[in-house]
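Beneath this line is the structure, given in structure tokens, with notes to follow.
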Amino acid sequence: MHTMAVIQRSVWALLLWPSLLTVSMPLDCKEEQGSLSGCTSISQEKLLDRVIHHAELIYRVSEESCSLFEEMFLPLPLRLQISQAGYTCITKALPLPSSKSEIQQISDKWLLHSVLMLVQSWIQPLVYLQTTMDRYDHAPDMLLNKTKWVSDKLISLEQGVVVLIKKMLDEGTLATTYSEQGLYQSDVQPEMLESVMRDYTLLSCFKKDAHKMETFLKLLKCRQTDKYNCP
Amino acid sequence: MCYIITYILFTVSVLPLCVVLLLFPSPSSHSLASLPLCHCLSAPLEPHFTECISREQETFRCWWSPGSYHNLSSSGALRVFYLKKESPTSEWKECPEYIHSNRECFFDVNHTSIWVPYCMQLRGENVTYFNEDDCFTVENIVRPDPPVSLSWTLLNISPSGLSYDVMVNWEPPPSADVDAGWMRIEYETQYRERNTTNWEALEVQPHTQQTVYGLHIGKEYEMHIRCRMPAFTKFGEFSDSIFIEVTEIPTKESTIPLTLILVLGILCILILIMLVVLTQQHRLMMVLLPPVPAPKIKGIDSELLKKGKLDELNFILTGGGMGGLPTYAPDFYQDEPWVEFIEVDGEDGDSGEKEDNRASDTQRLLGLPHPVSHHMNMGCSNAISFPDDDSGRASCYDPDLPDQDTLMLMATLLPGQPEDEEASFDVEERAPASSERSLVQTQTGGPQTWVNTDFYAQVSNVMPSGGVVLSPGQQLRIQESTLATEEETQKGKEGEESKETEEEKQKELQFQLLVVDPEGSGYTTESNVRQISTHPQPVETKPAATMEDNQSPYIHPDSPQSQFFAPVADYTVVQELDSHHSLLLNPPPATPMPVGYITPDLLGNLSP
């Protein structure tokens, strides 16, 4: 499973190679000496703090969106059904640690890469969510605004993580936004209920993963400041 | 019949409802339902899970209940199985750790995964009781432990003294790994008054301190705090309560009027003091800064007596109309910067005081009514004219002397009685002016005759016969005007009075010495001096001469002055006291008749 995932990922990376240039923005001004825009570089600690702050906000807004959606669109029975479905989330396949003990065993590098993977795998689905939600008749503006906001913030989060990787790990740019677009490229207009259920699943999964992202980043920060007491 | 139909209808309508409700119990997407809503038809309660809780997002526990199946309540009758949906091929596994006493299944760190869905089921012998409600992810069942180490501090008290603010501090629960960032925790503080039931809940916030505003003084408050993860819904247990009470504290208000009163009191006292000072300025000045005796001579301007003008003074004294002072006068002056003068003045109403006993003495003292003016110089200069009597010296060093307003006749007047010098004097205080100066006046002739001398003469000695010997014998001025003030002194007469009865002393008058205060200042001006000098003749007293305020205490030119001592005699003998107890000097017809002492100068003038 792991190899399959890796292959899948690499395929997507190759396919989406051109998007790299457009998506990734130069955040590190040191590389562009002759740039006209006077951008200032940022220290690693501050960048990490900002990234964590982003992740916290994203999680909070996603939770609010999920609750809103639940109230609006899901009757009581449906919620039960979905909860026992077990969250067939899209990121299930990602090789991510799922407990504190597991996290303790992985390195900083891997932790950061996990975050990046998560972020990158959610960008597209959220964009897709925007389109489907627009089709709803009674979608409240607040919900739409929140999902839009989350979608935008996720993109900037990804950029931040990329720069962080570059700074912390001295690696080259690896900004690949891949997603399992295949799932969401159906032209068939799904049924309302199905659509609702799918969207709700999406939102719930994203909420979970946002919490995961936030936790990973905080543990990473702990490791940066105090290596001995951190998991 | 109707009843049966209605009953059937009722059951028909109700049954599906119950069935539906049973099949779809109250949904809560991430938590286990506690109990079915509907108990209708008394459906037996299946074994189920009551709750699953994680305290620190690392382990979790689940509790179950046999429900109404009491035969399954024994331990081991029911078994717990869980499914960890990590992969599509996951299987149901049995509870890793049972705690049968609690009917609890504990999942330790190794068996707990976050962000992974778990499903729980109970299995009996052949029956599986599975509730779809019992699926969850661990982060959604986290209920953090309550905070610890609650404490409070008083922030402030309102100005009205009725309410106060309090800051509550605490520590995060030790089980939650907040420092590492594994969990974030938010706190909710609740408080209530001691005997009330409703709790006031404050807003959830992530800091480990909380300010509570608007508590009332005198009331006791109970406070507790609980935790939850941010953006999650489940709170943990409440912490132990702390009790806050602030009793009445004496507020600053009570001190404000006190300070006001103090300030006002001090101000009033200050104003009073100022008033006192302003109104009683003179007296205060007298008390605090008593006037310093300075040399003053009646008839001589005080200016002359200041430093550096001694020559002028000498000139006046020597070359002035009265004749020159003896040569040692300047010396005398130089030695003693201050002198006191006594004026002998005829008293106004003391005629009645004349004693008969003194007649003999006065007779002796009183002689020809030739005015002889004496200048008696009190003070330290006594010694000069008193070669063999040191009585006067004692007075020199008496510190009281300059301070007293009393006239002091020189001790020379009364040899052998120095001790009475001060005590014998009983002088009325003069008008508020320098009164150190007094002139001795002798009265010659009638009771109205006054002798007012501008210059002073020292009474050198008192003759046993009663005469008073004056040294530098000055020309005496007879003052015809009444004197403004009267001073009495017993001094001069004391020597003779010693033989007298005590009445004399009681009368305070041996002879009266009047203090002449022509100008109220005790001494004359230059104009007067000149006047004096131009009239160097003893004035014969005019009867009933009254003293004027502006005083012309000087000899009138028309007074017969046939006899006059052109050269200055050294001394004059006081022959007698007249009825007014004035010294009457015995004017020699042409020259003074010294009895005791005579200088060679005067030898020629002496008439046998």
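Each chain gets a letter, A, B and so on, in the order its sequence line appears, and its residues count up from 1.
Evaluation of the side-chain hydrogen bond (donor to acceptor under 3.5 Å, both in side chains) rule for B/S175 yields B/D145 as partners, not counting sequence neighbours.
The number of heavy atoms from other shown groups lying within 6.0 Å of NE2 (A/H53) does not exceed 12. Heavy-atom contacts from other residues, nucleotides or ligands closer than 6.0 Å to CD of B/Q190 number more than 12. More than 12 heavy atoms of other shown residues, nucleotides or ligands fall within 6.0 angstrom of atom CD in A/Q105. Atom CZ of A/R50 sits in a sparse spot, with 12 or fewer heavy atoms from other residues, nucleotides or ligands closer than 6.0 Å. By the neighbour-count criterion of 12 heavy atoms within 6.0 Å, atom CE of A/M142 is sparsely surrounded, having that number or fewer from other residues, nucleotides or ligands. In B/D240, the CG atom is not crowded: 12 or fewer heavy atoms of neighbouring residues, nucleotides or ligands sit closer than 6.0 Å.
Interatomic distance, CD of B/E139 versus NE2 of A/H211, reported as 6.0 Å (0.5 Å rounding). Rounded to the nearest 0.5 Å, atoms NZ (A/K218) and CG (B/D177) are 11.5 Å apart. Residue B/F232 holds its CZ atom at 3.0 Å from OH of A/Y59, rounded to the nearest 0.5 Å. Here NE2 of B/H111 is found 11.0 Å from OG of A/S101. Values are rounded to the nearest 0.5 Å. For the atom pair OG1 (B/T59) and NZ (A/K100), the distance works out to 10.5 Å, reported to the nearest 0.5 Å.
Highest contact tally toward chain B, considering only A/K212, A/E63, A/E102, A/K221, is held by A/K212 [criterion: heavy-atom pairs under 4.5 Å].
When heavy atoms are compared at a cutoff of 4.5 Å, B/M229 approaches chain A solely by way of its side chain, counted from C-beta outward. Residue B/Q57 touches chain A through its side chain alone, counting heavy-atom pairs closer than 4.5 Å. Using a 4.5 Å cut-off between heavy atoms, A/L217 makes no contact with chain B at all.
The residue from A/E56, A/E214, A/R60 that alone fulfils the side chain to side chain contact (heavy atoms under 4.5 Å, CB included) condition with B/P230 is A/R60.
Side chains of A/S98 and B/I114 form no contact here, defined as non-hydrogen atoms less than 4.5 Å apart.
Considering all non-hydrogen atoms of both residues, B/A180 and A/C222 come closest at O-CB, 3.3 Å.
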Check: Passes ring pair (Phe, Tyr, Trp, His ring centres under 6.0 Å), A/F206 versus B/W115? Steps please.
Finding: CA-CA 11 Å; A/F206 177 67; B/W115 306 295; over 10 Å; no
